[in-house]
Amino acid sequence: MARLLIIGCGGVAQVAISKCCQNSDVFEEIMIASRTVSKCEAMKEKLQDTTKTVIKTAQIDADDVDALTKLIKDYAPDAVLNVALPYQDLTIMDACLAAGVDYIDTANYEPEDTDDPQWRAIYEKRCKDLGFSAYFDYSWQWAYEDKFKNAGLTALLGTGFDPGVTSVFAAYAKKHYFDEIHTIDILDCNGGDHGYPFATNFNPEINLREVSAPGSYMENGKWVEIPAMSIKREYDFDGVGKKDMYLLHHEEIEALGRNMPEVKRIRFFMTFGQSYLTHMNCLENVGMLSTTPINFNGQEIVPIQFLKALLPDPASLGPRTVGKTNIGCIFTGIKDGKERSIYIYNVCDHQECYKEVGSQAISYTTGVPAMIGAMMVVTGQWKNPGVFTTDEFDPDPYMEALNKWGLPWQVVENPVLVD
Ligand code: NDP
């Protein structure tokens with residue numbers, strides 16, 4: 001029925017590719033195109049005898065708009081799924097526009113070089129105007145709204161778990177459970193243990209930038225920014241148990257804040273173990289999280305990229321990670337004149353994911369929604385000209401697909417609230 005071009009072949013991409021191959025009725029043909037083509041070929045080799053989906057591969061540098069436009073035109077897919085890095089979001093959107101194809105991704109744009117003066121000037125103005133200082137924000141991709149609308153193309157942004165599923169949960173809560181939502185707390189708990197003193201569950205550079213940045217939340221339409229890791233709560237998660245969690249800035253706060261302005265407060269919490277935090281603080285203190293190149297023995301290196309080369313590849317954590325994740329949203333508000341609160345969440349088991357697709361649960365909980373988002377677009381269930389986040393479409397078919405494709409969810413009334 002559809003042909004999908006998938007860009008990137010890392011931890012998340014490998015799950016999305018496996019799930020597309022399980023869903024051959026929709027994805028009759030896929031092309032895996034990435035910087036290191038040997039990874040694409042290895043995935044093809046692993047999957048081609050297990051699926052009816054026809055798999056092709058290609059080498060591509062997605063920073064090169066002309067080369068990517070040519071690849072898209074030659075392969076002529078129904079859509080492009082970007083599961084490379086957020087650095088490539090804008091070049092891939094440009095190539096999709098040039099080739100006339102729909103676009104889907106899992107994370108919003110941030111620049112690789114945060115010292116670029118042109119980017120920095122816009123960033124600093126945004127920090128001042130809006131009041132949050134994360135390197136990533138939606139403004140860059142929302143600026144493509146008219147281009148996609150005029151071209152009659154759909155761009156679906158952020159269809160991972162968080163952002164992605166969490167925003168679908170918000171749309172679902174609004175549609176079926178509330179007349180008014182007052183607060184949203186997004187909780188991301190990883191109770192998994194990979195046995196290493198320190199490793200990240202997805203791309204280390206993106207992960208460490210996100211976690212070491214100041215936290216922020218939205219209250220009455222305004223951003224409140226706090227020092228990194230300065231708000232900590234303990235929460236007892238179904239399937240995992242008690243964990244410490246910390247308030248972080250996160251993408252969906254920005255999108256939900258814009259699209260559901262009636263919500264009075266939106267926060268995001270993520271769990272971290274003490275070992276992770278101690279390592280991260282130490283690495284930050286010695287300058288290893290810096291994105292500014294330094295000269296070392298006559299060679300220019302970017303400290304955080306060097307660190308990435310030392311850390312375990314997130315795609316290799318699958319066999320050794322045990323435990324579960326619990327990710328969801330607590331909503332409070334009013335239904336039929338009465339106060340109501342619910343928690344919508346998914347529990348995912350690292351080893352079950354590994355048995356099914358050879359990946360740990362963080363890649364799995366991102367790669368499955370990436371496939372589902374692509375399916376929503378190519379089947380026309382979520383198709384509108386313009387640039388959208390996942391809270392802006394009918395949540396029902398997506399929620400149904402989560403149950404079918406490995407991320408079943410549940411709704412609990414009157415959960416323990418986060419103070
Ligand atoms: P990885 O680092 O494991 O994989 C990234 C892949 O992109 C690699 O295959 C890499 O190639 C490829 N790539 C990088 N640069 C280019 C380029 N210029 N051209 C072509 N290919 C390129 O990352 P993850 O799989 O962990 O993460 C993928 C995405 O998922 C990220 O954007 C991340 O932010 C997002 N994410 C979203 C989550 C959510 O819930 N919404 C949660 C977790 C991640 P090479 O093999 O050569 O390095």
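Nothing here was measured: the structure is a model prediction, and the numbers come from that model. Start at 1 and go down the list; that is how both ligands and their atoms are numbered.
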(message) For Tyr123 and Tyr135, I'd like to know if the aromatic rings sit close, meaning centre-to-centre distance below 6.0 Å.
(response) yes
(request) Look at atom 22 (C) of ligand 1 and say which protein heavy atom is nearest, naming residue and atom and giving the distance to 0.1 Å. (result) Arg35 CB, 3.9 Å
(message) If you define the side chain from C-beta out and look only at heavy atoms, does anything of Phe161 sit under 4.5 Å from Asp188?
(response) no
(request) Among all protein heavy atoms, pick out the one at the shortest distance from atom 9 (O) of ligand 1; state its residue, atom name and that distance to 0.1 Å. (result) Cys9 N, 2.9 Å
(message) Whether the Gln305 and Glu112 side chains hold a donor-acceptor pair (N or O, under 3.5 Å, no angle test) is what I'd like checked.
(response) yes
(request) Please report which non-hydrogen protein atom sits nearest to atom 24 (P) of ligand 1, along with the residue it belongs to and the distance in Å to one decimal place. (result) Val12 CG2, 3.8 Å
(message) If you define the side chain from C-beta out and look only at heavy atoms, does anything of Ser34 sit under 4.5 Å from Ile7?
(response) no
(message) Can you name the atoms of ligand 1, numbered from 1 with element, that are less than 4.0 Å from a heavy atom of Phe202?
(response) 26 (O), 43 (C), 44 (C)
(message) Any nitrogen or oxygen of Gly10 lying under 3.5 Å from a nitrogen or oxygen in ligand 1? Just yes or no.
(response) yes
(message) Quick check on Pro86 - does any of its heavy atoms sit under 4.0 Å from an atom of ligand 1?
(response) yes
(message) Does anything in residues 4-22 form a side chain to side chain donor-acceptor pair (under 3.5 Å)? List the pairs, not counting sequence neighbours.
(response) Lys19-Gln22, Lys19-Glu356, Lys19-Tyr364, Gln22-Glu356
(message) Taking Asp391 first and then Lys174, would you say they form a salt bridge - that is, a charged N and a carboxylate O separated by under 4.0 Å?
(response) no
(request) Give the residue, atom name and distance (to 0.1 Å) of the protein heavy atom nearest atom 28 (C) of ligand 1. (result) Ala84 O, 3.2 Å
(message) Which residue and atom name correspond to the protein heavy atom nearest atom 38 (C) of ligand 1, and how close is it?
(response) Thr366 CG2, 3.3 Å
(request) Could you tell me whether Val83 approaches ligand 1 through its side chain, its backbone, both or neither, with non-hydrogen atoms closer than 4.0 Å? (result) backbone
(request) Flag the pair Arg258 and Glu254 as a salt bridge only when some basic side-chain nitrogen lies within less than 4.0 angstrom of an acidic carboxylate oxygen. (result) no
(request) Check each heavy atom of Asn203 against ligand 1 and say whether those closer than 4.0 Å belong to the side chain, the backbone, both or neither. (result) both
(request) Below 4.0 angstrom from a heavy atom of Ile60, which ligand 1 atoms are there? Numbered from 1 as shown, please. (result) 19 (N), 20 (C)
(message) Suppose I only count heavy atoms of Gly11 and a 4.0 Å limit; which atoms of ligand 1 are within that range?
(response) 3 (O), 25 (O)
(request) Just jot down the ligand 1 atoms closer than 4.0 angstrom to any heavy atom of Asp162, in number order. (result) 39 (C), 40 (O), 41 (N)
(request) Show which atoms of ligand 1 fall inside a sub-4.0 Å distance from at least one heavy-atom site of Thr36. (result) 45 (P), 46 (O), 47 (O)
(request) Could you tell me if any non-hydrogen atom of Pro163 lies under 4.0 Å from any atom of ligand 1? (result) yes
(message) Looking at Glu41 and Lys56, is there a salt bridge between them, counting it only when a charged N and a carboxylate O are closer than 4.0 Å?
(response) no
(request) Run the contact test for Ala315 against ligand 1 with a 4.0 Å cut-off on heavy atoms, strictly below, and give the result. (result) no
